[in-house]
Undergrad: 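Please read through the structure below; I'll follow up with questions.
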Amino acid sequence: MTLSDAALAVPLLSVRGLTKLFGSFAACRDIDLEIAPGEIHALLGENGAGKSTLVKMLFGVLQPSDGQILWKGSPVRINSPGEARHLGIGMVFQHFSLFEALTVAENIALSLDPKVSLARISDEAASLSKAYGLPLDPKAHVADLSVGERQRIEIVRALLQNPNLIILDEPTSVLTPQEADRLFETLLQLRQEGKSVLYISHRLEEVRRICDRATVLRHGKVTGTCDPRHETPASLARMMVGSDVAQVHRDERSSVGNLALEVNDLSVPARTPFAVSLKNVSMQVRAGEILAIAGIAGNGQGELFDALSGEYPVATGDAILIRGKSVGRLGINDRRLLGAGFVPEERHGHAAVSAMPLSDNLLIARSQSDRRAFLGGGPLSIIRHRAVGSATRRICGAMDVRKSGEDPLAGSLSGGNLQKFIVGRELDRQPSVLVVNQPTWGVDAGAASRIRQALIDLAKTGSAIVVISQDLDEIFEVATTIAVISEGRLSQMYSAGALSLERIGLLMGGIHEKKSIPETAHAH
Amino acid sequence: MRIELEKRAGLSPMFSILSPLLALVLTLIFGAIMFWLMGKSPVGALHSFFIEPLLDVWSLHELAIKAAPLILIGAGLSICYRSNNWNIGAEGQFTIGAITGSIIPVMYPDWHSPLILPLMLTFGLLGGAAYAAIPALLKTRFNTNEILTSLMLVYIAQLYLDWLMRGPWRDPQGYNFPQTKAFQIEAVLPELLGSGRAHWGIVFALVAAVALWFMMRFLLKGFEVAVLGQSERAGRFAGFSARRMVWFSMLLSGGLAGLAGISEVSGSIGHLQPAISPGYGFTAIIVAFLGRLNPLGVIASGFVLALTYLGGEAAQLSIGISEKISRVFQGLLLFFVLSCDTLIHYRIRLMLSAAGTREAKG
């Protein structure tokens, strides 16, 4: 089926001016989208571009604030996933909802009409899985299955309801290349039968390989619709990343000092089925430098942070050096004692405990590094609440943390203010190495610029900083050097001025300099 | 139509303090209804259940005797639960503590030394801790659920005690009663005051509860318990080990349960027998929750629950109802404590069928 054929028919699904507001923030604004029957349609965009919000509206999980959804030409309201399924929309989520202790057939039965017998479901599932080349044993227990097989259950479950449109959210992010190939065959077969697929991904190669059309989102808006087969990865990346990133003037810092953080050929196996393994990661950060690590979420950023922070020490001590000392096997507090500080991505339940006051949350990060000041009584380790309290006040003052009351619960602060506190509690001790994961994720603009400024100022005083971020604006604002992480591999490090947006987009999409040289960008 | 629980935005500090009292009042109201349905006078029954035991000096001593193991175990459990580890098997650790603590008087009945008592208490403590080490090991090694393993170990401990009493440890001169010889005088925990039977167990309980309160309030260890209990990930970020916390909390609560076991046997019973506990280890779970998992609160709730035991005995004598009624009261109390806590954190919402079709998540 070609584009012109699709255009002739009434679109299966069309979306006009769809908008979703969360407060005053527009996660999606004026989205127009058309999916023809028998089309594999890609939805492209960076993390936070609004892809999930859009899809949730299509599947009835969220209600649009404005705009219209037309199904086969007539306007519909989709109030729940049940209604979406009833219309003929099936969805396969990125993270599966399966009961490990139950069999494949039982898991499928749970989402269907309770009147249908288990035997019939088994039969139907078996015949469907055969028809679509998705080998699956209905009697197998989910716990024994691989991630790829689990995804097949979700796909078969969606297919059993005989949908006209199947939405797949980042389906290959959990698959091996072989499993992905198999999935593509299934998708092509579905297309032949006249079913449509909405395929969410940020892997440009995949999209070019199987999709008929692509809609690109950026900052909640559609930035373009194209035929990906006629595009290059570079041009797709440009649409995803945009070219309106603010150009920030940085004063060239010449005062780059000694090597403060060094990572040598670090490889870490994945801890869980959804985790990414780190492969031969190397980096060097000197005092006064800010290394920004760009990348799309879920490409190993969290795992890299865990390894750098020592929350999960790695097998080889020499893989990570802080100020010349091998720390790979050391825990987080030993690394803090060497002068390192860490800011994790997740504020609630990782960087801070929401149900505890700020002063306790200060102690979480600094009970050992500031042992002399905060603890007394020798081996008893009596907490000096006064000293902790005054340090808390000092940090709140320095970072302008707006709070109600003297020592409020962390959970009562807004995201931006809590993040200022979390960053501030590390800055307060002048760390010589600071590793920050997503420093301004979900933070208002004012707090974000304050945090970025604080990072730049800290580097000026001679600290080495690693900023892991998905926000390219942020990266160009703070970084002196940039590297890109993709599928657990880190690119080489580039000086911030030498790296174009286009190149970053390519690296983020998983195309490595080893495999493809810049020529790919002009190959088509 | 269905019922949904919706998280409340802010917690009312007044209600979190009042919650246990509210639960007590509700328990009394339901108790009164229950007595009324049984054809007894509710006021009279409640009086003989809850007031009479407080009127005599001897029964105040009994109250202290019953409160001692409840507070000792409950204080340990409150730390354990705060750390998000769920030791349900204190009854088993109590039993094993009683057995290991009794080794010296049973095996060496003719040894006379002031060392006996300290050694017995230490053995009891170590025995209870060792028995709690089994679920701790299973949890840290094989990721088993400590609720199940610790609970199942209770029955093993009880049957082991029963076997000892009917087999190897039975007093040969005991007319075939399944019990050991009476302990020598140096092996008996002395009475506290001249006026009654209350022994040093209550002092151990109060000291342990205050010490644990101090730990939770002022020491880094207590902070570690609280952080890991709230969020394992934040605890890891702080450099605390959840695995070591499993060991710490299980050994602590098991050790205190074992100490309670040997104190009870040595102080109140004077010999070992198959039935040494009216369910102290399980009732202490209620004590811990009624005391809001705060060791000082546990002291108060320990006395309240001790009163339900005494009240049961008193009610059996004065109005002729089964002493099992105390179990009913304990169950009611736990039910109301948990439901009051739930309602402080959540509000109930009735979802009418029209809105009910809306699914929260896909």
Undergrad: Might you confirm whether atom CH2 of B:W200 has over 12 heavy atoms from other residues, nucleotides or ligands at distances under 6.0 Å?
TA: no
Undergrad: Is any side-chain N of the basic residue among A:E346 and B:R233 closer than 4.0 Å to the acidic one's carboxylate O?
TA: no
Undergrad: Go through B:G239, B:S231, B:G235, B:A238 and name the one with the most non-hydrogen pairs under 4.5 angstrom from chain A.
TA: B:A238
Undergrad: Decide yes or no on side chain to side chain contact (heavy atoms under 4.5 Å, CB included) for B:F223 and A:I364, but give the supporting numbers first.
TA: CA-CA 9 Å; B:F223 181 67; A:I364 282 179; 3.7 Å; yes
Undergrad: Check whether A:S367 gets within reach of chain B through its side chain, its backbone, both or neither, counting any heavy atom under 4.5 Å.
TA: side chain
Undergrad: Give the minimum heavy-atom separation between B:R236 and A:I332, together with the two atoms involved.
TA: O-CG2, 3.7 Å
Undergrad: Tell me the closest heavy-atom pair linking B:F237 and A:F342, and the distance in Å.
TA: CZ-O, 3.3 Å
Undergrad: CD of A:Q161: more than 12 outside heavy atoms within 6.0 angstrom?
TA: yes
Undergrad: Taking the side chain as every heavy atom from C-beta outward, state whether B:L219 and A:I383 have any pair of such atoms under 4.5 Å apart.
TA: no
Undergrad: Got more than 12 heavy atoms from elsewhere within 6.0 Å of OH, A:Y312?
TA: yes
Undergrad: Flag the one option from A:L62, A:D334, A:L363 with the top tally of heavy-atom pairs under 4.5 Å to chain B.
TA: A:L363
Undergrad: Look at atom CZ of B:F335 and say whether more than 12 heavy atoms of other residues, nucleotides or ligands are closer to it than 6.0 Å.
TA: no
Undergrad: Give the minimum heavy-atom separation between A:H385 and B:R217, together with the two atoms involved.
TA: NE2-O, 3.4 Å
Undergrad: Considering only heavy atoms, which portion of A:R366 lies under 4.5 Å from any heavy atom of chain B: side chain, backbone, both, or neither?
TA: neither
Undergrad: Decide side chain to side chain contact (heavy atoms under 4.5 Å, CB included) for B:L220 and A:Q368; before the verdict, give the C-alpha distance in whole Å, the side-chain angles of both, and the deciding distance to 0.1 Å.
TA: CA-CA 10 Å; B:L220 186 67; A:Q368 294 311 310; 3.5 Å; yes
Undergrad: Between A:D360 and chain B, with a heavy-atom cut-off of 4.5 Å, which part of the residue counts as in contact: side chain, backbone, both or neither?
TA: both
Undergrad: Kindly compute the distance separating NZ (B:K221) from CD1 (A:I382), expressed to the nearest 0.5 Å.
TA: 15.5 Å
Undergrad: Which bit of A:L375 comes within less than 4.5 Å of chain B, counting heavy atoms only: side chain, backbone, both or neither?
TA: side chain
